[in-house]
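Just the heavy atoms: all of them, side chains too, but no hydrogens, waters or symmetry mates, feed the values below.
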Amino acid sequence: MSAIWMAVSRSEAETEAIASALAQGVTPGMALLLSGDLGAGKSVFARGVIRGLGVKEAWITSPTFTLVNVYSEGRMPVCHFDLYRLTSPDDLDLLGLEEYVNGHSLLIVEWPEQGGDSFFGDPLQVRLSYVESDPEARQISLVPLGPQSQETVNAFQYLAPAG
């Protein structure tokens with residue numbers, strides 16, 4: 001059985017901080033699959049990981065219309081995908097996804113359910129969901145789907161700010 005890490009983030013800044021902390025333990029070839037409703041914080045989480053890897057770009061945004069943004073200045077290359085606009089998993093062939101799945105880059109995929117699940121061997125699923133009692137808060141769950149992602153979750157440490 002996989003060990004799942006869960007926490008509640010009370011702000012976008014805290015979501016970014018959690019993601020930045022996670023970035024310290026990711027390795028090239030990993031895939032982070034970001035799931036959640038519209039507005040749940042997937043792009044915020046992705047931005048936190050990308051910044052946590054040392055990317056200094058001022059505008060790190062979701063590639064909603066371009067489908068993929070590539071960042072190469074940090075600790076490892078990052079390929080950030082947003083599959084929201086795909087109409088079927090066959091559309092991934094048009095995107096040329098296999099050229100990005102190279103073992104050298106971290107893959108961050110928003111809306112992975114739009115592309116099917118067959119192209120990632122051992123991803124770490126990141127689930128973001130609303131907290132009913134607080135419209136600013138998000139439940140964040142790290143769900144490993146294989147041994148490498150389980151090691152990442154086992155080693156992950158984040159101390160929430162006091163207060």
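Between the side chain of Tyr158 and the backbone N or O of Ala17 there is no donor-acceptor pair closer than 3.5 Å. In this structure a side-chain-to-backbone donor-acceptor pair under 3.5 Å is missing from Lys42 to Val109. Within the 3.5 Å criterion, the main-chain N or O of Pro123 finds a donor-acceptor partner in the side chain of Ser149.
Identified under the side chain to side chain donor-acceptor pair (under 3.5 Å) test for residues 133-148, with sequence neighbours left out: Thr27-Gln148. Counting only residues at least two apart or in different chains, salt bridge (Lys or Arg N to Asp or Glu O under 4.0 Å) contacts with residues 16-33 comprise Glu16-Arg47, Glu16-Arg51.
In plain terms, the two heavy atoms of Met76 and Pro28 that are nearest each other are SD-N, 3.6 Å. Here the shortest heavy-atom pairing between Gly52 and Ser20 reads CA-OG, 3.3 Å. For the residue pair Ala21 and Gln157, the shortest heavy atom distance occurs at CB-O, 3.9 Å.
A side-chain contact (heavy atoms from CB on, under 4.5 Å) with Leu124 is found for exactly one of Leu34, Leu145, Leu33, Leu32, namely Leu32. Results of the side-chain contact (heavy atoms from CB on, under 4.5 Å) test with Arg75 over Leu53, Leu106, Val55 single out Leu53 as the only residue that passes.
Atom CD1 of Ile140 and atom CH2 of Trp5 lie 6.0 Å apart (nearest 0.5 Å). In this structure, CD on Gln150 lies 9.0 Å from CD1 on Ile4, to the nearest 0.5 angstrom. Atom CG of Leu128 is separated from atom CD of Glu110 by 9.5 Å, given to the nearest 0.5 angstrom.
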For this session: Could you walk me through whether Asn69 and Asp82 pass the side-chain contact (heavy atoms from CB on, under 4.5 Å) test, one step at a time?
Result: CA-CA 9 Å; Asn69 288 337; Asp82 186 330; over 6 Å; no
Exercise. Between Phe45 and Ile18, is a side-chain contact (heavy atoms from CB on, under 4.5 Å) present by the stated rule, with each step listed?
Worked result: CA-CA 8 Å; Phe45 195 91; Ile18 291 168; 4.2 Å; yes
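Using cut-offs of 30° and 60° for the angle between ring planes, the Tyr84 and Trp111 rings count as tilted.
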